[in-house]
2 protein chains.
Amino acid sequence: MTAADTAVETIQREMTSFARRARASAGRMHPELSLVSYTLLGHLEERGGCRATDLASHYALDKSTVSRQVGALERAGLIERRLSPEDARVQVLHLTEAGEEILAQVTRSRRAAFRERLADWPEDDLVRFAAYLERYNAGSAGQAAG
Amino acid sequence: MTAADTAVETIQREMTSFARRARASAGRMHPELSLVSYTLLGHLEERGGCRATDLASHYALDKSTVSRQVGALERAGLIERRLSPEDARVQVLHLTEAGEEILAQVTRSRRAAFRERLADWPEDDLVRFAAYLERYNAGSAGQAAG
DNA sequence: ACGTTCAAGTTGTACTATACAACCAGAATC
DNA sequence: GATTCTGGTTGTATAGTACAACTTGAACGT
């Protein structure tokens, strides 16, 4: 087995381990917003106004899943649906002010947790690690995660 | 905001994104074994023979969750419970041969997915990325993931 | 222009993973 | 010997997910 194989195995194991723990703990640490809600809200903030179908394909979720998530977020007052003038089937999703606030609050909280965990890393390691992660995830929108 | 802050934010975003996708896709890609079962089986392989409580604390899971997982794995014939001679409350968990086989098979499948995704990375980048991930996850056994 | 097919979303149903609380049984302690 | 601690199971509830069936509106093809 080459060094590259060993590295791939480590990457697999560590990413898997992280994913499992993230899943298990997200709800406990940030009960205001689940991992999915957080992701969807974040997407809406970045590109304000998109369709449910866009979210589904971008995050490899079933449209029914998105439909229910969006329903819950709307009932919670965090997003609003506007009917598209061009296509009567389409609903365009937007963050409400309350949604922006909650999102900002959870982002602060999550960021603090990450920052604490990375507190003793030298800056250039942080930058390189971030670059690797971006490269790893790049181009995988809408796809599975291995 | 410093470069370190930016990097931390990127790390947060990319790790979160990965975790969400891993969760959504693990079942579809490797239906033989969920992410949790895979993790628990892997643990048993590395340190053959441990107690349910150990698994629970190591992976920050409730004992009831582990109890059910273990029950399912036993019913599937992938592990077996041996009663501890010292303490009648304790059951020591071991992989069966079938469990070892399934674990090896899923590991191969998952590793292939990771390898494909990382196919065009130079070896030294793989090694450095792996090292960062290990460092990131190190010491966080049994804890939340941010 | 009308029927067929395609696209966006919703709803019914089912399953997995999870936690919390209540419990039981055995061990340890005082 | 009673109390408390520990390992594990069971009851119950919830979130997140998929698949299938359906509705409504848009687009397309003769």
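Here the structure is a predicted model, which means the values were calculated and not measured. Quick note on labels: first sequence line is chain A, next is B, and so on, each numbered from 1.
- Contacts of B:T53 with the nucleic acid, taken as non-hydrogen atoms under 4.0 Å apart, involve only primed sugar atoms and P, OP1 or OP2.
- Checking C:dA8, C:dA17, C:dA21 against every side-chain atom of A:K63, the shortest atom distance belongs to C:dA8.
- The separation between A:D62 atom CG and D:dG16 atom P is 15 Å, rounded to whole Å.
- Checking the phosphate oxygens (OP1, OP2) of D:dA18, a side-chain nitrogen or oxygen of A:T65 falls inside 4.0 Å.
- Close to C:dA17, at under 4.0 Å from its OP1 or OP2, lies a side-chain N or O of B:S34.
- A:V127 and A:Y136 fall into different hydrophobic clusters, where Ile, Leu, Val, Met, Phe, Trp and Tyr are joined by side-chain heavy atoms under 4.5 Å apart, directly or via other members.
- Annotation: proximity of residues 81-93 of chain B to DNA chain D (heavy atom, distance under 4.0 Å) is found for B:R81, B:R89, B:V90, B:Q91, numbered in ascending order.
- If you find the closest nucleotide of DNA chain C to B:S64 and to B:Q69, the one lying nearer the 5' end belongs to B:Q69.
- In this structure, the CZ atom of A:R68 is 13 Å from the P atom of C:dA14, given to the nearest Å.
- Atom CZ of A:R51 is separated from atom P of C:dT10 by 13 Å (rounded to the nearest Å).
- Spacing between atom CG of B:L61 and atom P of D:dT9 amounts to 14 Å, rounded to whole angstrom units.
- In this structure, B:Y38 atom OH and C:dA17 atom P are separated by 16 Å, rounded to whole Å.
- Spacing between atom CG of B:L73 and atom P of C:dT16 amounts to 13 Å, rounded to whole angstrom units.
- Side-chain contact between B:L41 and B:L73: present, with at least one pair of heavy atoms (C-beta onward) separated by less than 4.5 Å.
- Between B:R111 and A:D5 there is no salt bridge, since no side-chain nitrogen of the basic residue lies less than 4.0 Å from a carboxylate oxygen of the acidic one.
- Look at CG on B:L55: it is 13 Å from C1' on D:dG7, rounded to the nearest Å.
- Between B:R47 and B:D54 there is no salt bridge, since none of the side-chain N atoms of the basic residue sits less than 4.0 Å from a carboxylate O of the acidic one.
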